[in-house]
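One structure below.
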Amino acid sequence: MRSGKNFIGGGRRPWDKRRGFPVSPLRRSRSSVFGCAVVDELSLLKNGLRDLELDLPSEVCERLLWLGKELLRWNEKVNLTSIRSLEEVIVKHLLDSLSVFPLLQSGERLLDVGSGGGFPGLPLAIVDPVREVVTVDAVGKKINFQRHVVRQLGLDLCVSLHLRVEELPRWSGFGDGFDVVISRAFASIADFALLARPCLTEGGRLIAMKGPEGERELRGQETRLRDLGLEFDVMHRFSLPLGAGERQLLLFRRI
Ligand SMILES: C[S@@+](CC[C@H](N)C(=O)[O-])C[C@H]1O[C@@H](n2cnc3c(N)ncnc32)[C@H](O)[C@@H]1O
């Protein structure tokens, strides 16, 4: 894992005490990647993680793959994602979610707004289970899935809430708010900032996970963001593996 900073390695890990986690020997099945037969699922995940400079223990990779498979299993009955293959789930959900991991600092309390099937919140909680992660979504069936994952993986510090983010400051566990509020495919930068700003601690950060449209969306919004008490900090660009698209991570700081 990158610099090992955020991962409590060695000794007994939080999930060791879990009962009933469906541990099965990893199937290293060969399969197609977006149509071309190339690598097995574990290699696809590990290669992508390496590109993100994340070196995760095998059991963490196993948990991530389990999440991907479980998402697809539930998706046969409950519509959670438009993605239908495990390869695409690995690239577009797991790896994309984890692209933000190197930007987080150890111990920061994280809120994922409009988390849908749990992205990016659940992969981030799996990789760093000693971080407090709260995910919210307005749709109950999506939160039901997330709660199932949280239970099965014993993610004791991850809480999934069925509510609108506007209601979150009234939640009993809100406390002083969140050090980092993140969203992916949730709303325009301006709307995300408006809704998320009340959830930030002083000095806290917003991270908008965007496609290539991020930079364009940001243009001309600085004054509006400043009026909300937010300042643009930095943008990170990267490409998903296998030509799955450009991504932009836009960071803002509460001033
Ligand atoms: C396009 S999905 C993105 C899901 C996930 N972040 C991802 O990238 O896969 C947007 C999600 O935002 C949720 N949402 C929309 N408005 C919301 C609000 N005001 N509060 C909480 N969730 C909201 C929707 O229910 C939906 O699940």
Mind checking whether L80 and F119 have side chains closer than 4.5 Å, heavy atoms only?
no
Shared hydrophobic cluster, V234 / L250 (ILVMFWY, side-chain heavy atoms < 4.5 Å):
no
Closer than 3.5 angstrom, by distance alone: can the side chain of S183 be matched with the main-chain N or O of A208 as a donor-acceptor pair?
no
Walk me through whether L95 and L45 qualify under side chain to side chain contact (heavy atoms under 4.5 Å, CB included).
CA-CA 7 Å; L95 293 172; L45 179 63; 4.0 Å; yes
Take V150 and L122 through the test side chain to side chain contact (heavy atoms under 4.5 Å, CB included) and record every step on the way to the result.
CA-CA 8 Å; V150 164; L122 291 182; 4.0 Å; yes
Minimal non-hydrogen separation, C199 against L111, with atom names:
CB-CD2, 3.7 Å
Check: R197 and R254 side chains under 4.5 Å, non-hydrogen atoms:
yes
Does E70 come within less than 4.0 Å of R73, counting only side-chain N to carboxylate O?
yes
When clusters are formed by joining ILVMFWY residues with side-chain heavy atoms under 4.5 Å apart, either directly or through shared neighbours, do L110 and V159 land in the same one?
no
Could you go through the side chain to side chain contact (heavy atoms under 4.5 Å, CB included) check for V136 and D112 one step at a time?
CA-CA 6 Å; V136 299; D112 177 8; over 6 Å; no
For residues 236-245, which side-chain N or O atoms pair as donor and acceptor with protein atoms under 3.5 Å away, sequence neighbours left out?
unit_1 : atom_1 : unit_2 : atom_2 : d
R237   : NH1    : E246   : OE2    : 3.1
R237   : NH2    : E215   : OE1    : 2.8
R237   : NH2    : E215   : OE2    : 3.4

Rounded to the nearest 0.5 angstrom, the CZ-CD distance for F101 and E53 is 12.5 Å
Measure the shortest side-chain to side-chain distance between V149 and W66 over non-hydrogen atoms and say whether it is less than 4.5 angstrom.
yes
same_hphob_cluster(F252, I207) at 4.5 Å side-chain heavy-atom cutoff:
no
Among pairs that include at least one residue of residues 133-142, which meet salt bridge (Lys or Arg N to Asp or Glu O under 4.0 Å), considering only residues two or more places apart or in two chains?
none
Enter the distance from L94:CG to E41:CD here, rounded to the nearest 0.5 Å.
11.0 Å
Can you tell me how far the CD1 atom of I90 sits from the CG atom of D96, to the nearest 0.5 Å?
13.5 Å
One should read off an interatomic distance between I189 CD1 and L194 CG, to the nearest 0.5 angstrom, of 13.5 Å
If hydrophobic clusters are built by linking Ile, Leu, Val, Met, Phe, Trp and Tyr wherever their side-chain heavy atoms come under 4.5 Å apart, do L155 and V180 end up in the same one?
yes
Out of V181, L195, L163, V113, which one pairs with L168 under the side chain to side chain contact (heavy atoms under 4.5 Å, CB included) rule?
L163
When the ring planes of F145 and H148 are compared, do they come out parallel, tilted or perpendicular, using 30° and 60° as the limits?
tilted
Which atom names give the shortest non-hydrogen contact between L42 and C61, and what distance separates them?
CD1-CB, 3.9 Å
Residue pairs involving residues 165-179 (criterion salt bridge (Lys or Arg N to Asp or Glu O under 4.0 Å); sequence neighbours excluded)
R164-E166
Would you check if N75 and I83 make a side-chain contact, meaning some heavy-atom pair closer than 4.5 Å?
no
Salt-bridge test for E231 and R253: reply yes if a basic N is under 4.0 Å from a carboxylate O, no otherwise.
no
Could I get the full list of ring pair (Phe, Tyr, Trp, His ring centres under 6.0 Å) partners for F192, not counting sequence neighbours?
none
Quick one: are L218 and L225 in side-chain contact, heavy atoms under 4.5 Å?
yes
Ignoring hydrogens and angles, tell me if any N or O in the side chain of R131 forms a donor-acceptor pair with the backbone of Q105 under 3.5 Å.
yes
What distance separates R109 CZ from L104 CG, expressed to the nearest 0.5 Å?
15.0 Å
Distance check, rounded to the nearest 0.5 Å: E62 atom CD versus L64 atom CG?
10.5 Å
Residues in side-chain contact (heavy atoms from CB on, under 4.5 Å) contact with A190, at least two apart in sequence or another chain:
S188, Q221, R224
Student check: side-chain heavy atoms of R63 and Q152 closer than 4.5 Å
no
Take S115 and Q146 through the test side chain to side chain contact (heavy atoms under 4.5 Å, CB included) and record every step on the way to the result.
CA-CA 9 Å; S115 51; Q146 292 193 39; 2.9 Å; yes
R219: what forms a side-chain hydrogen bond (donor to acceptor under 3.5 Å, both in side chains) with it, not counting sequence neighbours?
none
Side-chain heavy-atom pair W171, L161 within 4.5 angstrom cut-off:
yes
Side chains of L200 and L230 in contact at under 4.5 Å (non-hydrogen atoms):
yes
Under a 4.0 Å threshold between the charged nitrogen and the carboxylate oxygen, would D233 count as salt-bridged to R205?
no
